[in-house]
Amino acid sequence: MKVKVISRSTDEHTKERSQDLQRVFHNYDPSIRTQEKAVEYVRALNAAKLDKIFARPFVGAMDGHIDAISCMAKNPNHLTGIFSGSMDGDIRLWDLASRRTVHQFPGHQGAVRGLAVSTDGHVLVSCGTDCSVRLWSVPISTAMELDVSSDKSVEPLETYVWKNAFRSVDHQWNFDRFATGGAGVEIWNHNRSAPEQSFEWGTDTVISVRFNPGQPDILATSASDRSIALYDLRMGKPAAKLIMATKTNSICWNPMEPINFTAANEDCNCYSFDSRKLNEAKCVHKDHVSAVMDIDYSPTGREFVTGSYDRTVRIFQYNGGHSREIYHTKRMQRVFCVKFSCDASYVISGSDDTNLRLWKAKASEQLGVLLPREKKRHEYHEAVKNRYKHLPEVKRIVRHRHLPKPIYKAAELRRTMTEAERRKEEKRKAHSAPGSITSKPLRKRRIVKVEE
Amino acid sequence: MAETKRKTRDEGRRERSKIGSDGEVLGQDLYEYEEGVPEEESKKNRRFDPVDNLDYELPEDFEDENVSSDDDNEVKNAGVIEAEDEVKEEDEGRTIREIPSELLKIVSFANSECSYIKQCNFRVHTVISRGRRNNVVVSEAYPESEYNPTRDILEGEGALSIRDLLDPLQGKHGYSKLRKSVRTLEKKSAPIQAPLPKPVQERLERNAAYDKSKEELRKWEPIIKRNREAPTIYFDDDRDLGPSSVGTIASEFEPRTEFEKKIASLVYDDEVMDAHRKDGSRLRLELNKVSAEDEKDRQNRIAKMRSLLFRHELKSKHIKNIKSKTYHRLLKKDKLKANSILGQMDPEAAKELAMKQEYERAKERMTLRHKGSSKWAKRIKERGVDVQDDGTRAAIAEQQHLHAQLTRKMNSMKDSDTSSDDISEDDDMDVNSDDEGRASKLLEKAKEKTLKLLDEDNEVPNSGVLNLPFMERAFKRKNEAAAEEAKLALQEYESWSKQLGDSGGVNNPKVGSPSGRMVFDGKEAPVSSKKTKSDNKNRSDNYYGDSDSEDDMEPRENTDVGKYRNNDLMKDANTSPVLCQEDSENHKDSLVKNFDGSVQDPGPQTTHEVSIFASGTWRRLFQMKNGSDANANAKKSPGPLQSVVLDQHTQEPVKDLDEDSDADSEGQMVDGVLSAVPEPSYQLPSQEELIRQAFAADNVEDEFKKTKEDILNEENPEPEKPVLLPGWGQWTNVQKKKGIPSYMQKEHESAKKKREEAIKQRKDANLKHVIISEKPPNKKAQKLFTQSLPYPFTSKEIFEQSIRMPLGPEFNPASTVGALNRPEVIKKPGVIIKPIEFEEVNAYEKLEGHRKTEQNHQKNNKSKSNSHSRKNMTYMKTK
């Protein structure tokens, strides 16, 4: 005989202290709770809607420059410090927390085209069209005392004048070296007035230079001959070069995956490459409707931000074909430079309208200190949203972004154009002998050749 | 790489210095190769005679006619490099190296020092071939003469060596250096390869560099793989965010202002600190001097505060007591309620209450006050209630009320018990009476039908196969047999009806009850066959009806069988064939099922049920009837032939069908066709025939048409007929006269037209045998489906599995909720994330371990932030 008895021990149900949590017993049998999926679906929907409601990405603008901002550099050792250089030769250090200029570094005669900060955050390197490279010492206590009296005769630590104008500069991670790009690629030391090494491969101007932060001896450059080149400092030699159909405006290495880098191309797309296999891009990031001017990876390596000539800033997943976020304001003009903050939670853009703009990396993120309960709630919402993101309703809400009219129209136009191209190719294929016409995948289409 | 390069450079230098010291300075044709050594000179196999040229020595003022010396000397330095290019073009096979600048220096040195050498400006070629051991300087092969010594001379004792050439330089500046280098050259001279063309060489170098860096990058693969596969990556390692306690903050405090300094001087007074450090007693006793006045002041102050507090308290108490009337009333009510609840909660109080109630009840039982049967009550009733005073009347009323209450209570309890029983009994009764009535009715109906059939069946179909003479004959014969059968059946009916009449009330249920199922089947069959011809719609309904009734009747039939058996004679004879028939039945059922399934779902289900419920007795019973009344079916194969039929069961499923599947109207339908088939003695029908027969029964087409119609109606519903609103305008009679307003009619017309058009435009409008559903998708459900399989998933099942388990805290234990909801990247706002640094990774390591190592590694980072040597770091980690 089977006897069923309900037994509850009092020990389990009495609180020993007043702070103890009441023990709650749950039966997690899914057959009892038939509605749980439906409930979670609705929650996902609500979470998506809430996200939309709370999406306030714009934190603030920082004005002070009197010409377009051409380049920026983040201080790898100081979260709130960011440097910006403008076309009139002005360099400013901003405090992101108070959104004010903390320091100015006057001296450049022409436009400042490149800024970089040493890993310890003490030395700022700037270069420009006046053929000079200047090293500046970065003031330490940036936030506390606002040096409005900027003409406290800030003198550069060093000024190195060279033969040609410079287009960009980048500092090596953890070492004293930095690289400049101009007529060629030069590797400099802090303490030497002439470059340590110089590379030349082809005759065209080098537009952007980036050191690989994970593997600091490797260097990637893009040049105006539409090429992307890799250099290895240990060999003292260029390593590989690939030529694309259009120019690459900027390059950024993935800080968490030193083998991968992403190139911001003139043809509105970004191309992620494995530096070991240059004959095809690993991923093509589409969405911009005009040339992509600058790119910067999030320190987490999971996403990157791009600024474009179409007056928008977009954030992409490192492996996503389309952007997950687009930022724009009415007053923001062509974006020339973008940076991800060192804690991966903010994005800074510098544009033609002489302003720096500070954005949240996640538009609906709640700023400030979160209670653990709040945090859990956010996490749950995120997880639920992520689970049901494929369902049409949720997808629609999550994907929807309001776009400025010109961008919307341009995107539409681009879509029709690509669609027409595709159709034409399809037809051509259908009407010619099988195998005579082959189509290249998009990842390869824009790569002209790989030079050795 | 660099090493080899240096080597070649050295060699180049050596060679160059040799040449230079020789004084054979040369312009563009330094490496020029025109022709190998003449064969005579190489003395291959000694085939050539040696030529004697031993005594010749070059005159000091010798000038080579061939040399454009001045020009050459001028462009010397530049020419060297140019020469290389020429050489390249001339001889691809050779490998040529760049000549370093040091070499040029030597050359120029030699030139400047020994001007006389310029005069003897030999054209010298370095010829490099595989077989040769040493570098040899060979003179140009001009026609052998006294001016042009052969090699023998040069190699012999009288040969001119570099040393000879150097000797005159002795004592001059740089001589020793030159000599040294010459000596080293002589000591270890190795063959030197000609340098490669520059672009080729650079390409090679780049390739090497690229391969090397690729190799270097390969080490990241496991780390990247691990990070990518990890469900979560952490960047929120605990960092040193400065002093955490108040003590640490205070310890760093430095007094700056005047006030702070004053305080600090008091606090950090040596005496105080000392006392504090010891045990503090001194701090309390000696150092803590308070004057009497101060103490008094303090006490006064405290007393004042206390009195103030007390007054305040009193006041607030008073204020608290002032409340409105309603408040107090409600309070009272609450209190009462609470008391009652408390009483219930308290077991003792409850017990008391129960006791009290029990007592009341007992008292009531004893006195039966509510009945009003007490002497007192009777007397009052006698006297009349109206006469009594108020108190008595009230008491009487109370008694009556009590009575009413109790009776009501009692009644309500009784009702609930009995109601259900009553109903069920009624049902049974109804069924029985119904059955009896129906039996007689059915008998009559069957009689009518048979008579009708007898009349009708004489008509012969005029066309097709049936028109053939032998068919006609067969038909006739069959008709005769059928007529006989029908007569028999009629007799049977009469006897039955008599029975019904005779047996009366007692007998009726016995006969009637089997009729519930069997008589119905036996006699209803022809009726239903007629029906199927006329309208198909009822058929499916029939199916259901039959199967249902079957369920109900079965047990009763079984009980009745015994009695019925007594009346019948044929029974015993038939039992055995029935058994074999049952065997073959399954086979046939499946057949029925097969072709039914294609048409309609309920069909096969019902037939299946039939076969299940057809228990042995039931089947037997049916068989008996078949025998006895010869099926009452004029079209059917004659009764006497039944045994034959039974034998042929396997071959003639259709006949089986007719006999076994009791309620199936299909069986009867088949009969209709069968009637065309000649007598039972005929041969096996052809395959075509069989198929035709097999599918004759079910009107697939009709059914299909019907279902299609239904679907059409469903998808394009017929417009409702315009109807006047009931009551609207009726009283005026105007509306009635006018009829339905014209606009309504128009609307209706247009709607009809629209519908027709829509039906015409359907994709399946012209396809008779196809239904293409154009039902609009369910929008509500559509929301919950993805249009296509989401990207990373490869199959629907996997995707569904992935979203099966809920995530929420309500549906999961607290221990797993965190893990379920964890985001892909965990970071802390305000914490700087450094780029990745290399660490050895075991690809198969668990993630837990990984996290720890990561943290350690971050800590390491902090500790050696100043040290720039990365190699050290990795070493530390791997250790």
Chain B contact via A:I218 - side chain, backbone, both or neither, heavy atoms under 4.5 Å: side chain
Tell me, with the steps shown, if A:H190 and A:H122 meet ring-ring contact (aromatic ring centres under 6.0 Å, His included). CA-CA 12 Å; A:H190 282 183; A:H122 295 321; over 10 Å; no
Can we say A:K237 and B:E205 salt-bridge, meaning some charged N sits less than 4.0 Å from an Asp/Glu carboxylate O? yes
Would you mind checking which part of B:D211 comes under 4.5 Å of any heavy atom in chain A, side chain (CB onward), backbone (N, CA, C, O), both or neither? neither
Contact summary for B:G830 and A:D343, nearest pair of heavy atoms: N-OD2, 2.7 Å
Given that the side chain runs from C-beta out, which part of A:L79 has a heavy atom under 4.5 Å from chain B: side chain, backbone, both or neither? both
Give a yes-or-no answer on whether the side chains of A:Y388 and A:R43 include a donor-acceptor pair shorter than 3.5 Å. no
Smallest heavy-atom separation, A:F175 atom then A:H171 atom, equals O-CE1, 3.0 Å
Kindly indicate whether the side chain of A:L358, heavy atoms from C-beta on, has any atom under 4.5 Å from the side chain of A:Y346. yes
Can a salt bridge be assigned to the pair B:R226 and B:E229 using a cut-off of 4.0 Å between side-chain N and carboxylate O? no
With the threshold set at 4.0 Å, does a side-chain nitrogen-carboxylate oxygen contact exist between A:R177 and A:D170? no
Select one option (side chain, backbone, both, neither) describing which atoms of A:E451 are under 4.5 Å from chain B's heavy atoms. neither
Give, for atom NZ of A:K277 and atom CG of A:N260, the distance between the pair rounded to the nearest 0.5 Å. 9.5 Å
When the 4.5 angstrom heavy-atom criterion is applied to B:S802 and chain A, the contacting part is backbone
Considering only heavy atoms and a distance below 4.5 Å, find which of A:N386, A:D232, A:T119, A:D217 pairs most often with chain B. A:D232
Taking side chain as everything from C-beta outward and backbone as N, CA, C, O, which of these in A:W253 sits under 4.5 Å from a heavy atom of chain B? Side chain, backbone, both or neither. neither
Are the charged groups of A:R324 and A:E303 less than 4.0 angstrom apart, N to O? yes
So what's closer than 4.5 Å to chain B heavy atoms on A:R387: side chain, backbone, both or neither? both
Contact leader toward chain B among A:E365, A:H381, A:R302, A:H378, where contacts are heavy-atom pairs under 4.5 Å: A:R302
Return the option, out of A:G301, A:P299, A:P258, with the maximum number of heavy-atom pairs under 4.5 Å with chain B. A:P258
List in chain and number order the residues that pass salt bridge (Lys or Arg N to Asp or Glu O under 4.0 Å) with A:E374, two or more places apart in sequence or in another chain; answer none if no residue qualifies. none
Considering only heavy atoms and a distance below 4.5 Å, find which of B:I224, B:L807, B:T786, B:L217 pairs most often with chain A. B:L807
Engaged part of B:K214 at the chain A interface, taking heavy atoms whose separation is under 4.5 Å: both
Please name the pair of heavy atoms, one in A:V117 and one in A:A73, separated by the smallest distance, quoted to 0.1 Å. CG2-CB, 4.0 Å
Greatest number of non-hydrogen atom pairs under 4.5 angstrom with chain B, of A:E393, A:K241, A:K395, A:K389, falls to A:E393
Chain A contacts, top residue of B:K212, B:K783, B:R203 (heavy-atom pairs, under 4.5 Å): B:K783
Select one option (side chain, backbone, both, neither) describing which atoms of A:Y231 are under 4.5 Å from chain B's heavy atoms. neither
Heavy-atom pairs under 4.5 Å with chain B - which of A:L391, A:N77, A:V394 has more of them than the others? A:L391
Answer with side chain, backbone, both or neither: which region of B:F799 has an atom nearer than 4.5 Å to a non-hydrogen atom of chain A? side chain
Please classify the contact of A:K376 with chain B as side chain, backbone, both or neither, using a heavy-atom distance under 4.5 Å. neither
Does any heavy atom of chain B fall under 4.5 Å from the side chain of A:N254, the backbone, both, or neither of them? neither
Engaged part of A:S341 at the chain B interface, taking heavy atoms whose separation is under 4.5 Å: neither
Would you mind checking which part of A:R33 comes under 4.5 Å of any heavy atom in chain B, side chain (CB onward), backbone (N, CA, C, O), both or neither? side chain
Within the side chain of B:S213, is there an N or O that forms a donor-acceptor pair under 3.5 Å with the backbone of B:A209? yes
Taken in chain and number order and not counting sequence neighbours, the residues that satisfy salt bridge (Lys or Arg N to Asp or Glu O under 4.0 Å) with A:D29 are none
Please determine, among B:P823, B:P813, B:G818, the option with the most heavy-atom pairs under 4.5 Å with chain A. B:P813
Counting distance only, does the side-chain N/O of A:R210 pair as donor-acceptor with the main-chain N or O of A:C252 below 3.5 Å? no
Pick one of side chain, backbone, both or neither for B:E221, based on which atoms fall under 4.5 Å of a heavy atom in chain A. side chain
Side chain from CB out, backbone as N, CA, C, O: work out which of these in A:V369 comes under 4.5 Å of a heavy atom of chain B, or both, or neither. neither
Contacting moiety of A:Y41, where chain B heavy atoms sit under 4.5 Å: side chain
Whatever's closer than 4.5 Å to a heavy atom in chain B on A:E382 counts as neither
